[in-house]
2 protein chains.
Amino acid sequence: MARPRIGQERREEILAAFETCVARKGFAGTTLADVAQEAGQPRSLVRYFIGNRADMVNALIDRLLLRGEEQFRQWPGHGTPEDMHRFVLDRIFADQTTNIVIMELWHLALRDDALRTRLAAVYKQVILEVATMMADENDPHPEVQDRAFSAVALAFGTAFFRYLGIAPASPARIRAITHRLLDHDFLSAQELET
Amino acid sequence: MARPRIGQERREEILAAFETCVARKGFAGTTLADVAQEAGQPRSLVRYFIGNRADMVNALIDRLLLRGEEQFRQWPGHGTPEDMHRFVLDRIFADQTTNIVIMELWHLALRDDALRTRLAAVYKQVILEVATMMADENDPHPEVQDRAFSAVALAFGTAFFRYLGIAPASPARIRAITHRLLDHDFLSAQELET
DNA sequence: GCGAATCTTGTCATTGATGACAATTTACGG
DNA sequence: CCGTAAATTGTCATCAATGACAAGATTCGC
């Protein structure tokens, strides 16, 4: 009985434009006018379809986190250390544009309890998935979880350092180190039980 | 022949207040009025003694980086892996307030080439210092540098994860892993030469 | 006390981003 | 073609943060 609703598509366009702007200028540096221009729409339409600024930020955060969580559903479930390493490095910490947006999320999370909790859940799940793969069972030992923790933390730190132009002399060596972390016999029994 | 200059002391007070505000609300969230209130001075004085906003941000960045570089001059120069580990974790990645400010610096560095370069120099030096301690010589092998890289990246990632409330089941286990990274015989010769 | 440099106060204009909203146009069902 | 809900345009007020600056007060050497 009326004009057909195209709100959802418009929302998607606007959020995609917002994400592009955030990757380029950050959350704080992106104005509604920036997003509107990037989306090729007048600013009033951005407000009409999404709402005020807080609504827009929340919508983008949801979109980003949902996309991140979606990646886990494509998780292989088991595999060699090489598989795990490739998955973590190539899928989770690889795309530079995505990484910039992730850093923006981290920054927001510094002063947003709810976001911090959600972000924590994502990384906890990454660690748990890696540990599950390592142990090939559903409830891996704390020792395995901590080795997964260290492998993911190492990958995380490496990804951040890459932004500063700091890279290892040999990336293959870092990969070898990570493989050792993921191997069963990395630490002596004595060290593991500490 | 005139009123005595107290500009330097005032500058210090203002920058200290600015740092407090940045730790609390971030660079983007801190206004000149916030700083002025924190310092107990009218806003016009902040402008008088430091200048405009860009001047203030640059002054704080200088202050922070100089303080960070200062820490290296207290570096022990050599020591056991335990010493290194304690130094890196307790001195570089320990203080929570400082860490928040460091994260703010990282965020700024995303879109500030000069800052990114300076920040990179700091972390490169940390890695080089660790590698020098490990090898106990001035020009450590690339292999040693990469192990130092991985140890520092792991510490970095661990510190960031702590903000999300993500901690290993046993911090001691992470410490043991780090010690292994710093040990000479961590990787086989074959892996090292990759 | 006086000149001079420095500090201090207070106010005003500008700017950029946001929120609000009236007026108009579009596209569909009947 | 007509009513209606949705979409679209354009404009205006507000608000916070900044920058600029005039006017006055302080403290020194002389």
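The analysis underlying the following values was restricted to heavy atoms, covering all of them including side chains, and did not include hydrogens, waters or symmetry mates. Just so we're on the same page: letters track the sequence lines, and every chain starts at 1.
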Review point. Ion pair present between A:R173 and B:E143, side-chain N to carboxylate O less than 4.0 angstrom?
Key: no
Correct closest heavy-atom pair for A:I100 and A:A23 would be CG2-O, 3.5 Å
Shortest non-hydrogen pair, A:L115 vs A:L105, comes out as CD2-O, 3.6 Å
Rounded to whole Å, CZ of B:R53 lies from P of D:dA16 at a distance of 17 Å
Sorted by chain and number, sequence neighbours left out, side chain to side chain contact (heavy atoms under 4.5 Å, CB included) with B:R5 holds for none
Separation of D:dG29 atom C1' from B:R5 atom CZ, nearest Å, is 16 Å
From CD1 of A:I14 across to C1' of D:dA7 the rounded distance in Å is 12 Å
Open item on the list: Regarding A:D34 and A:R43, does a basic nitrogen lie under 4.0 Å from an acidic carboxylate oxygen?
Closed with: no
_Residues A:E69, A:Q125; criterion side-chain hydrogen bond (donor to acceptor under 3.5 Å, both in side chains); working and verdict_ = CA-CA 9 Å; A:E69 289 154 7; A:Q125 188 166 357; over 6 Å; no
What I want to find out is whether A:E70 reaches A:R67 closely enough, with some N-O distance under 4.0 Å, to be called a salt bridge. no
Any carboxylate oxygen within less than 4.0 angstrom of a Lys/Arg side-chain nitrogen, looking at A:E104 and B:R111? yes
Under 3.5 Å, which N/O atoms of the protein pair with N/O atoms of nucleotides 23-25 of chain C?
none

In numerical order, the residues of residues 26-52 of chain A whose heavy atoms come under 4.0 Å of DNA chain D are A:P42, A:S44, A:L45, A:Y48, A:F49
